[in-house]
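Have a look at the structure below before the remarks.
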Amino acid sequence: MIIWGGTAARAVGISLAAVAAVLSALLICYWLPLDSVLERSFSVHKAHSVKDMENIFQLVRNVIPPLTTKKHKGQDGRIGIVGGCQEYTGAPYFAAISALKLGADLSHVFCTKDAAPVIKSYSPELIVHPVLDSPHTDEEVAKWLPRLHTIVIGPGLGRNDTLLENAKGIIEKSKVRGIPVVIDADGLWLIAQQPSLIQGYQRAILTPNYMEFSRLYETMFRTSVDSNDNHRCVLRLSQALGNLTVVQKGEKDIISDGEKVLVCSHEGSSRRCGGQGDLLSGSLGVLAHWAFLAGPEKTNGQNPFLVAAFGACSLTRQCNNQAFQKYGRSMTTTDMVAEVGMAFSKLFET
């Protein structure tokens, strides 16, 4: 049973028992903006309630490492972005710079030879490796994997067969090392073609938009998504993939690990410029590392990747909202990236 606001439920004449019946075996923690959050959640999977579950924003705050002079460079996150080709150089940049702006110490971009000079020209902050189209990509990237905390696969990857095959090799090597993997954009195209590549690897987070989600869903179930029951579809896809964390991006971001469903409806804006998903994937790479490292004590026993995903979705929406307030229709993702610091402070440090 889920208490989503007893007063509100009574106001519209809906009993809590009716809510539980409708949701059946599905736990949905529906998180509203900061000024209107869920008070308690109850699981209909079990006879007993999940008592005193903390506000999800507080769980995100719990996993954020404190700034201190006692740390050395790299301890707060070394993130790898796999993507960037001749046609697409902006996406890996947005993902990598967002990771740095959020608080990672180092961002590496593994891209093609043609893309490397362009991406380097965007920012001196990034470490750029022009190896993604090399005959020895596996060996080149494998040298760096022991130094990385999270890998983000897909921003600007494209669908060239060679690049997809090399990305596949990087995923496989990351799995062997137990590195959390965020998969976005054309990385999801690869997974739709070969779902077994990631199936069962519970340190993976997929971040599809509606079309990418539909493609994955149809691959797994040979049927179309039921647009009237997105929550159930996200839950089912996660379960079919072995309880990976799935983030369906959209008007509301729906997040599931196959057991719980979170809905992020934090206020954003009506502007949908390209690149916002890259900001999400880059920031998610950092938060996934922080949440995984923090352990169950800091996440109140919740799946750390659910906590990380909710944090990244909220942050992206807050950046979108702040940038839109300044620039309106002319807003671009570059404007959103400039808001990361203020958005982070407003959501997680106040």
Side-chain angles (χ1 to χ4, degrees), residues 64-65 67 71-134 137 140-141 143-145 147-158 163 167 170 182 184-187 207 271 273-290 312 315-316 318-320 322-324 326-327 330-345:
I64 296 169
L67 295 174
K71 291 182 180 178
H72 59 76
K73 179 178 66 179
Q75 281 186 274
D76 280 344
R78 300 184 295 270
I79 310 303
I81 310 296
V82 177
C85 59
Q86 186 176 29
E87 294 87 353
Y88 306 116
T89 58
Y93 162 74
F94 286 133
I97 201 67
S98 297
L100 287 180
K101 292 280 188 179
L102 184 64
D105 292 336
L106 297 167
S107 267
H108 296 254
V109 178
F110 299 90
C111 61
T112 66
K113 186 176 180 179
D114 287 342
V118 181
I119 297 171
K120 286 183 179 182
S121 75
Y122 294 150
S123 172
E125 308 288 350
L126 309 181
I127 303 167
V128 182
H129 308 270
V131 299
L132 197 52
D133 53 352
S134 163
T137 297
E140 293 290 339
V141 177
K143 292 187 298 187
W144 290 95
L145 285 180
R147 310 186 198 185
L148 300 177
H149 294 120
T150 312
I151 292 286
V152 180
I153 306 277
L157 179 63
L163 301 186
I170 294 169
V182 177
D184 187 35
D186 283 323
T207 59
R271 174 74 168 121
C273 52
Q276 295 182 64
D278 305 310
L279 192 160
L280 172 65
S281 63
S283 59
L284 180 51
V286 183
L287 284 164
H289 165 56
W290 289 350
L315 180 74
T316 303
Q318 183 67 29
C319 291
N320 181 277
Q322 290 177 195
F324 187 76
K326 293 181 179 180
Y327 302 104
S330 70
M331 183 197 79
T332 65
T333 298
T334 298
D335 301 319
M336 289 177 58
V337 170
E339 298 295 326
V340 169
M342 187 62 71
F344 182 89
S345 179

Task: Side chain His149, main chain Arg78, donor-acceptor under 3.5 Å - done: yes

- [ ] Mind checking side chain to side chain contact (heavy atoms under 4.5 Å, CB included) for Ala167 and listing every partner two or more places apart, or none if nothing turns up?
- [x] Ile153, Leu157, Leu190

Task: Contact check, side chains of Asp133 and Thr137, non-hydrogen atoms, under 4.5 Å - done: no

Task: Lys113: partners by salt bridge (charged side-chain N to carboxylate O under 4.0 Å, His left out), with sequence neighbours left out - done: none

Open item on the list: Please report the interatomic distance CH2(Trp144) to NE2(His129), rounded to the nearest 0.5 Å.
Closed with: 4.5 Å

Task: Leu279 side, atom CG; Leu284 side, atom CG - distance, nearest 0.5 Å - done: 11.0 Å

Open item on the list: Could you check whether any side-chain N or O of Asp105 sits under 3.5 Å from a backbone N or O of Asp76, counting only pairs where one atom can act as donor and the other as acceptor?
Closed with: yes

TODO: Would you list the pairs meeting side chain to side chain donor-acceptor pair (under 3.5 Å) in which at least one residue belongs to residues 92-101, sequence neighbours left out?
DONE: none

Open item on the list: On a heavy-atom basis, which atom in Cys85 and which in Leu163 lie closest, and how many Å separate them?
Closed with: CB-CD1, 4.0 Å

Open item on the list: Quick check: do Met342 and Gln322 have side-chain heavy atoms less than 4.5 Å from each other?
Closed with: yes

TODO: Work out which heavy atom in Gly83 is nearest to a heavy atom in Val109; give both atom names and the distance.
DONE: O-CG1, 3.8 Å

Open item on the list: For the CD1 atom of Ile151 and the CZ atom of Phe110, what is their distance to the nearest 0.5 Å?
Closed with: 6.0 Å

- [ ] Mind jotting down which residue pairs meet the side chain to side chain donor-acceptor pair (under 3.5 Å) criterion with at least one end in residues 273-288? Sequence neighbours excluded, please.
- [x] Gln276-Asn320

- [ ] Side-chain contact test, heavy atoms from C-beta onward, threshold under 4.5 Å: evaluate it for Gln75 versus Pro65 and give yes or no.
- [x] no

Task: Between CG on residue Asp114 and CG on residue Leu132, distance to nearest 0.5 Å - done: 11.5 Å

TODO: Please report the shortest heavy-atom distance between Lys143 and Arg147, naming the atom on each side.
DONE: O-NE, 4.1 Å

Without placing hydrogens or testing angles, list every side-chain donor-acceptor pair under 3.5 Å for residues 116-127, not counting sequence neighbours.
| from | atom 1 | to | atom 2 | distance (Å) |
| --- | --- | --- | --- | --- |
| Ser121 | OG | Val118 | O | 2.5 |
| Tyr122 | OH | Thr89 | OG1 | 2.7 |
| Ser123 | OG | Glu125 | N | 3.0 |

- [ ] Name all residues meeting the side chain to side chain contact (heavy atoms under 4.5 Å, CB included) criterion together with Ala323; count only those two or more places apart in sequence or in a different chain, and write none if there are none.
- [x] Met331, Asp335, Met336, Glu339

Open item on the list: Would you say that more than 12 heavy atoms from the other residues, nucleotides or ligands in this model lie under 6.0 Å from the CZ of Phe324, or not?
Closed with: yes

TODO: Could you tell me which non-hydrogen atom of Val286 sits nearest to which non-hydrogen atom of Ala104, and how far apart they are?
DONE: CG2-CB, 3.8 Å

Open item on the list: Once you measure the plane-to-plane angle for Trp290 and Phe344, does it fall in the parallel (<30°), tilted (30-60°) or perpendicular (>60°) bin?
Closed with: perpendicular

Open item on the list: Looking at Thr316 and Ala312, would you say the former's side chain and the latter's main chain have a donor-acceptor pair under 3.5 Å?
Closed with: yes

Open item on the list: Quick check: closest heavy atoms across Thr333 and Gly274, and the distance to 0.1 Å?
Closed with: OG1-O, 2.7 Å

- [ ] Quick one: pull up CD1 in Ile64 and CG in Leu287 and give me the separation to the nearest 0.5 Å.
- [x] 6.5 Å

- [ ] Taking all non-hydrogen atoms of both residues into account, name the closest pair between Cys319 and Ala343 and its distance.
- [x] SG-CB, 3.7 Å

